[in-house]
Chemist: 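The structure's right below; bear with me while I get my questions together.
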2 protein chains.
Amino acid sequence: MRNAARGHDLVALRRLNTTVVLRALHRRSPQTLAGLAVTTGLSRPTVEAAVEELTDRSLVGEATEETGERTPGRPARRFRFRTEAGYVLGVDIGLHKMVLLLADLGGAFLATHRTEIDPGLGGGPRLDLLRHAIDAFVDEHAPSRAAVLARCVGVPGMVGGDGVVTTVVVPEWSGVDLGRLLAEDGPDRVLVENDVNLALLAERWQGAATLARDVVCVLTGHRVSCGLTIGGRLHRGRRGGAGELGMLPLLGLSTAQRALAWDGERLSGESEVAALARAADGADPRALAAVAGFADRLTPGIAALALAVDPELIVLTGGATPVGPHLLPLIEERLRPVTLHVPRIALSSLGERGVAIGAVRMALDQVEEDLLADTAS
Amino acid sequence: MRNAARGHDLVALRRLNTTVVLRALHRRSPQTLAGLAVTTGLSRPTVEAAVEELTDRSLVGEATEETGERTPGRPARRFRFRTEAGYVLGVDIGLHKMVLLLADLGGAFLATHRTEIDPGLGGGPRLDLLRHAIDAFVDEHAPSRAAVLARCVGVPGMVGGDGVVTTVVVPEWSGVDLGRLLAEDGPDRVLVENDVNLALLAERWQGAATLARDVVCVLTGHRVSCGLTIGGRLHRGRRGGAGELGMLPLLGLSTAQRALAWDGERLSGESEVAALARAADGADPRALAAVAGFADRLTPGIAALALAVDPELIVLTGGATPVGPHLLPLIEERLRPVTLHVPRIALSSLGERGVAIGAVRMALDQVEEDLLADTAS
DNA sequence: GCGGTTATGAAAGTGTCCTACCGAATTCAG
DNA sequence: CTGAATTCGGTAGGACACTTTCATAACCGC
């Protein structure tokens with residue numbers, strides 16, 4: 001990564017300072033030259049040179065809109081990071097659905113698209129579907145294909161450091177380097193990541209885990225799986241298997257979902273979990289018992305994870321989110337006797353687009369690293 | 001830590017390059033100016049200036065010993081990092097014993113001392129004992145007290161980010177900021193850390209975990225506790241509680257030690273575990289059953305930890321090390337059905353001084369950060 | 001002792017950053 | 001509408017660090 005053993009000459013110094021200026025503008029826009037000089041600690045002429053170079057590289061532009069406030073003295077030119085200098089695409093492809101999300105470099109969402117997928121669709125056609133959907137979506141909403149600097153795809157299953165997927169959800173994708181296949185479609189960066197990990201990134205970006213650095217995310221769905229960030233960075237483990245506590249029968253995570261089975265009345269179009277949540281909201285004793293049973297089976301796994309990494313926060317997301325308000329206190333109560341300090345537990349606030357949002361975040365991280373990591377310290 | 005938002009001027013550049021040169025010399029000594037120029041990518045005059053400044057600061061000296069090899073041309077001056085520019089002290093204070101270890105900045109051990117401690121000794125007298133032992137040890141073996149740049153003390157119990165200890169081994173130390181108390185004795189850096197974490201650092205430095213970045217360390221003793229490194233860095237958790245899986249009765253770690261009870265014949269001075277190991281070596285069926293029972297109780301906790309962080313390596317250390325050769329295959333066998341990829345499992349190779357060695361390593365890390373982290377990128 | 005080889009030392013050259021100064025543009029007071 | 005005050009923009013001069021280049025010094029092998 002950063003080669004700390006190399007010295008720097010003067011052109012490296014200039015590149016370094018240019019990057020510092022770009023980073024300052026990325027953090028906050030617009031800014032005046034004088035303001036940049038203060039925040040970066042550089043002199044105004046130096047900042048001016050850096051801004052000029054960045055303008056040549058189309059990464060920075062002059063802000064034209066009126067500032068509104070009236071200050072004495074000659075008005076300062078204001079420069080801003082050009083969020084339209086590039087775009088990233090986040091994709092969530094699960095068993096039943098696919099979500100696409102386009103964002104600019106400022107992290108603003110520009111377009112989104114959702115498709116149902118036949119759960120029985122095999123690996124090959126599924127990949128074709130994904131590729132065509134991406135192409136069509138980009139062609140329709142992005143200025144050009146070249147403007148998309150990175151794509152990130154969230155898949156249900158483990159992703160090793162070599163990019164190879166291991167999944168039981170789409171068996172034909174196991175052992176496949178999905179990223180490499182997708183990279184054939186364009187010259188941009190392509191990333192593939194486990195869906196829980198992306199949901200976690202999303203929560204840390206815009207959801208319930210803002211500012212928290214050590215976070216555990218528990219995804220409840222057709223299976224229960226977990227992801228974690230340590231020190232603000234995703235921890236994948238040796239082969240992407242970190243958080244896969246479902247493997248250990250003793251902890252009961254693999255069978256937890258069964259507790260949520262619900263044969264009560266369902267409104268039209270209402271999912272099973274939603275019906276259960278509605279019944280629980282109405283204090284239906286059978287529904288409350290079902291939620292309690294779910295908490296019983298969920299807690300040992302969560303406790304093991306909490307004790308293993310001692311996180312600041314645990315985020316619950318996925319299919320069981322609707323019953324969350326009933327579930328959280330129960331888990332907390334069961335966690336109390338077995339943990340020295342019960343971590344804060346929160347419910348996801350991002351809903352169905354969580355994974356796609358996290359994919360956008362990861363793609364943005366990659367692009368920012370490419371753009372802003374010239375520091376080379 | 002590193003303030004990436006600040007720009008750099010030329011004096012910062014010079015400081016940066018000086019640090020790069022120091023780091024190169026720290027990595028390998030001695031080196032010639034020309035060699036340093038190659039490894040750092042700087043020109044020879046620049047390296048020369050940096051070496052001159054470092055010599056003034058007494059961090060670098062000219063190597064005087066004969067090189068032995070005869071090369072044509074004018075012989076080059078060779079410079080080396082002055083390992084005697086400072087010293088660090090590592091301490092392991094457990095319930096029954098205290099180990100002190102003095103090392104220079106090159107990591108060479110200069111002196112060691114071991115004392116038995118009455119397990120009933122309270123917190124106050126125990127702290128006095130520690131302070132006096134440190135002072136006497138330093139006075140005897142270090143050139144001066146001021147030459148000791150950092151001390152690190154390993155204690156049995158959790159250490160929060162604020163330095164406050166939580167321990168059941170020495171109850172009076174719970175809630176106490178031990179580091180602050182010890183810091184009163186001198187102007188040097190004082191660190192306090194959980195003993196398992198230090199044992200893990202030691203294994204990563206000189207033991208079984210060299211080069212591995214994600215490692216779990218399981219300390220077996222009067223209690224079983226665990227530590228972990230993620231990406232090569234210790235992970236402590238929100239309040240130093242990471243790895244404390246003993247809290248979860250379901251996993252059985254808290255009662256594991258009982259399985260090692262052994263009432264068989266003991267040689268004079270032989271510990272219970274050593275006698276058990278000897279009996280197991282002799283294929284005594286009762287001894288083998290005891291070890292198997294220990295493996296049974298140890299495995300669920302190890303499995304939970306392994307699934308949670310998916311480490312490259314698990315290191316077993318502590319009191320049960322003597323039966324390790326019998327234990328390891330049993331744990332591996334029990335781990336196989338519940339983990340997708342069984343991590344490598346290794347036995348500690350550092351013995352009783354492991355924690356003290358880790359304390360030295362942590363103190364060295366601190367000093368090196370102070371010395372070498374001027375990069376300020 | 002002499003040539004070959006390599007390191008050392010000092011100079012000139014290039015590039016970057018900073019400070020300082022002056023002109024330019026706008027606001028505000030009268 | 002005019003002038004003072006204020007702040008920004010542009011440019012020149014100086015300081016500093018790194019690199020390149022060349023001459024000199026020290027040592028080896030013949």
Side-chain angles (χ1 to χ4, degrees), chain A residues 5-22 24 30-56 60 62-80 374-377, chain B residues 5-22 24 30-56 60 62-80 374-377:
Chain A
R6 307 294 297 179
H8 299 264
D9 59 3
L10 290 94
V11 314
L13 179 62
R14 196 175 68 80
R15 198 172 53 227
L16 198 71
N17 283 338
T18 305
T19 303
V20 167
V21 171
L22 179 59
Q31 286 194 72
T32 68
L33 291 181
L36 281 169
V38 171
T39 60
T40 60
L42 296 166
S43 73
R44 196 182 46 72
T46 303
V47 171
E48 194 172 358
V51 165
E52 188 173 354
E53 183 191 324
L54 291 169
T55 304
D56 288 346
V60 165
E62 195 162 349
T64 54
E65 71 277 13
E66 286 298 321
T67 170
E69 57 192 34
R70 313 186 75 77
T71 55
R74 174 173 177 171
R77 301 161 69 191
R78 296 184 331 287
F79 297 90
R80 64 179 187 87
D374 278 349
T375 53
S377 150
Chain B
R6 307 295 296 178
H8 300 262
D9 58 3
L10 290 96
V11 314
L13 179 61
R14 196 173 69 80
R15 198 171 54 227
L16 198 71
N17 283 338
T18 304
T19 304
V20 167
V21 169
L22 179 59
Q31 286 195 70
T32 67
L33 291 181
L36 280 169
V38 170
T39 60
T40 60
L42 296 166
S43 71
R44 194 184 47 74
T46 303
V47 171
E48 192 172 1
V51 165
E52 188 173 354
E53 183 192 323
L54 290 168
T55 305
D56 288 345
V60 164
E62 196 164 347
T64 53
E65 70 277 11
E66 286 298 321
T67 170
E69 58 193 35
R70 316 187 75 76
T71 55
R74 176 174 174 170
R77 299 162 70 192
R78 296 185 331 286
F79 297 90
R80 65 181 187 86
D374 277 349
T375 53
S377 149

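Sequence lines set the chain letters: A, B, ... in the order given, protein chains first and strands last, and positions in each chain run from 1.
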Chemist: Crowded around A/Glu52 CD? As in, over 12 foreign heavy atoms under 6.0 Å?
Modeler: no
Chemist: For DNA chain C, whose closest nucleotide is more 5', that of B/Pro75 or that of A/Pro75?
Modeler: B/Pro75
Chemist: On a heavy-atom basis, which atom in B/Gly41 and which in A/Arg6 lie closest, and how many Å separate them?
Modeler: CA-NH2, 3.3 Å
Chemist: Testing the basics here: between A/Ala76 and A/Thr32, what is the closest heavy-atom pair and its distance to 0.1 Å?
Modeler: CB-CG2, 3.6 Å
Chemist: Do you know the tightest heavy-atom contact between B/Ala37 and B/Val47?
Modeler: CA-CG2, 3.8 Å
Chemist: Reading DNA chain D in the 5' to 3' direction, which nucleotide is the first one with an atom under 4.0 Å from a heavy atom of chain B, and which is the last?
Modeler: D/dC16 to D/dC28
Chemist: Is there side-chain contact between A/His8 and B/His8, with heavy atoms separated by less than 4.5 Å?
Modeler: no
Chemist: Is the backbone of B/Ala24 close enough, under 3.5 Å, to the side chain of B/Gln31 for a donor and an acceptor to pair up by distance?
Modeler: yes
Chemist: Please classify the nucleic acid contact of B/Thr32 as base, sugar-phosphate, or nothing, using heavy-atom distances under 4.0 Å.
Modeler: nothing
Chemist: Drop me the distance from B/Arg80's CZ to B/Thr64's OG1, to the nearest 0.5 angstrom.
Modeler: 7.5 Å
Chemist: How does protein contact run along nucleotides 14-23 of chain C, one letter per nucleotide 5' to 3', with B for base contact, S for sugar-phosphate only, - for none, heavy atoms under 4.0 Å?
Modeler: -BBSBB---B
Chemist: Which atom names give the shortest non-hydrogen contact between B/Thr18 and B/Ala50, and what distance separates them?
Modeler: CA-CB, 3.9 Å
